[in-house]
Amino acid sequence: MTLLPDTSQESARDLDNHALNRLETFLYLTPVIGILPSMWAIYRRQRDRRQLAVCRLSIFLALAWLSTYFSLNIGADLSGSSATGLRLLFLNGLVTSGYFTASLWLMMLLWQKKSLRLPGFSALAENTIRSK
């Protein structure tokens with residue numbers, strides 16, 4: 001009589017690993033805060049290719065948002081007229097809302113187990129931020 005190997009512990013361990021990877025990916029996609037763990041993951045390079053691609057996208061989106069945010073704020077402060085400053089601050093609000101919406105949309109795609117790609121941004125992030 002042969003005994004079959006107990007694979008329930010192995011499958012439970014694989015399931016825990018998969019759940020932990022998804023949780024880490026949610027952390028990477030968190031707006032503003034997710035840039036720090038993403039940078040750490042890129043620096044350490046101990047993640048799979050999919051997670052590293054998400055980290056690159058998260059860093060790219062956060063840095064693009066930060067540079068736009070500060071540029072528009074400085075432009076609003078330095079503008080001579082209040083109408084121009086108000087327009088720049090309104091545009092700043094739209095850019096910020098777009099960044100948060102894109103991050104939440106990517107989190108929703110992760111929840112649905114779909115591909116985490118943003119047209120245009122994903123390829124640009126891959127080409128811009130590379131781990132050697």
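On a predicted model such as this, the values are computed, not experimentally measured, just so you know.
For the residue pair Val95 and Thr68, the shortest heavy atom distance occurs at CG1-CG2, 3.7 Å. Of all the heavy atoms in Gly34 and Ser38, the pair that sits closest is O-OG, 2.8 Å.
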Determine all donor-acceptor pairs shorter than 3.5 Å in which one atom belongs to a side chain in residues 117-126; sequence neighbours excluded.
| unit_1 | atom_1 | unit_2 | atom_2 | d |
| --- | --- | --- | --- | --- |
| Ser122 | OG | Leu118 | N | 2.7 |
| Ser122 | OG | Leu118 | O | 3.2 |
| Glu126 | OE1 | Arg56 | NH1 | 3.3 |

Can I get a per-line list of side-chain donor-acceptor pairs under 3.5 Å for residues 79-89, giving both atom names and the distance, sequence neighbours left out?
| unit_1 | atom_1 | unit_2 | atom_2 | d |
| --- | --- | --- | --- | --- |
| Ser79 | OG | Ala76 | O | 3.1 |
| Ser79 | OG | Ser81 | O | 3.2 |
| Ser79 | OG | Gly85 | N | 3.3 |
| Ser81 | OG | Thr84 | N | 3.3 |
| Ser81 | OG | Thr84 | OG1 | 2.8 |

Side-chain atoms of residues 107-116: list all donor-acceptor pairs with protein atoms under 3.5 Å, sequence neighbours left out, distances to 0.1 Å.
| unit_1 | atom_1 | unit_2 | atom_2 | d |
| --- | --- | --- | --- | --- |
| Gln112 | OE1 | Lys114 | NZ | 3.4 |

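Applying the under-4.5 Å side-chain rule to Ile, Leu, Val, Met, Phe, Trp and Tyr, the cluster around Leu23 consists of that residue alone. Grouping Ile, Leu, Val, Met, Phe, Trp and Tyr residues whose side-chain heavy atoms lie under 4.5 Å apart, directly or via other members, places Leu78 in a hydrophobic cluster with Ile74.
Panel note: side chain Ser58, backbone Leu29; no donor-acceptor pair is recorded below 3.5 Å.
In the hydrophobic clustering of ILVMFWY residues, with side-chain heavy atoms under 4.5 Å counting as a link, Leu61 and Met39 come out together. Both Phe100 and Leu57 belong to a single network of hydrophobic side chains, linked directly or stepwise wherever heavy atoms of I, L, V, M, F, W or Y lie under 4.5 Å apart. A continuous path of Ile, Leu, Val, Met, Phe, Trp and Tyr side chains, each step under 4.5 Å between heavy atoms, connects Leu106 with Val32, placing both in one hydrophobic cluster.
For Asn21, there are no side-chain hydrogen bond (donor to acceptor under 3.5 Å, both in side chains) partners at least two apart in sequence or on another chain. Applying the side-chain hydrogen bond (donor to acceptor under 3.5 Å, both in side chains) criterion to Thr30, with sequence neighbours excluded, gives no partner residue. Take Asn127 and apply the side chain to side chain contact (heavy atoms under 4.5 Å, CB included) test, not counting sequence neighbours, and it matches Arg130.
Within the structure, the ring pair (Phe, Tyr, Trp, His ring centres under 6.0 Å) test picks out no pair touching residues 72-93 (sequence neighbours left out). Sorted by first and then second residue, the salt bridge (charged side-chain N to carboxylate O under 4.0 Å, His left out) pairs with a member in residues 18-36 read Glu24-Arg47; sequence neighbours excluded. The ring pair (Phe, Tyr, Trp, His ring centres under 6.0 Å) pairs that include a residue from residues 43-76 are Trp40-Tyr43, Trp65-Tyr69, Trp65-Tyr99, where partners are two or more places apart or lie in different chains. The stretch residues 31-42 participates, sequence neighbours left out, in no salt bridge (charged side-chain N to carboxylate O under 4.0 Å, His left out) pair at all.
Within the model, atoms CZ of Arg44 and CG of Leu52 stand 12.5 Å from one another, a figure rounded to the nearest 0.5 Å.
Under the 4.5 Å side-chain criterion, counting only non-hydrogen atoms from C-beta, Thr128 is not in contact with Ile59.
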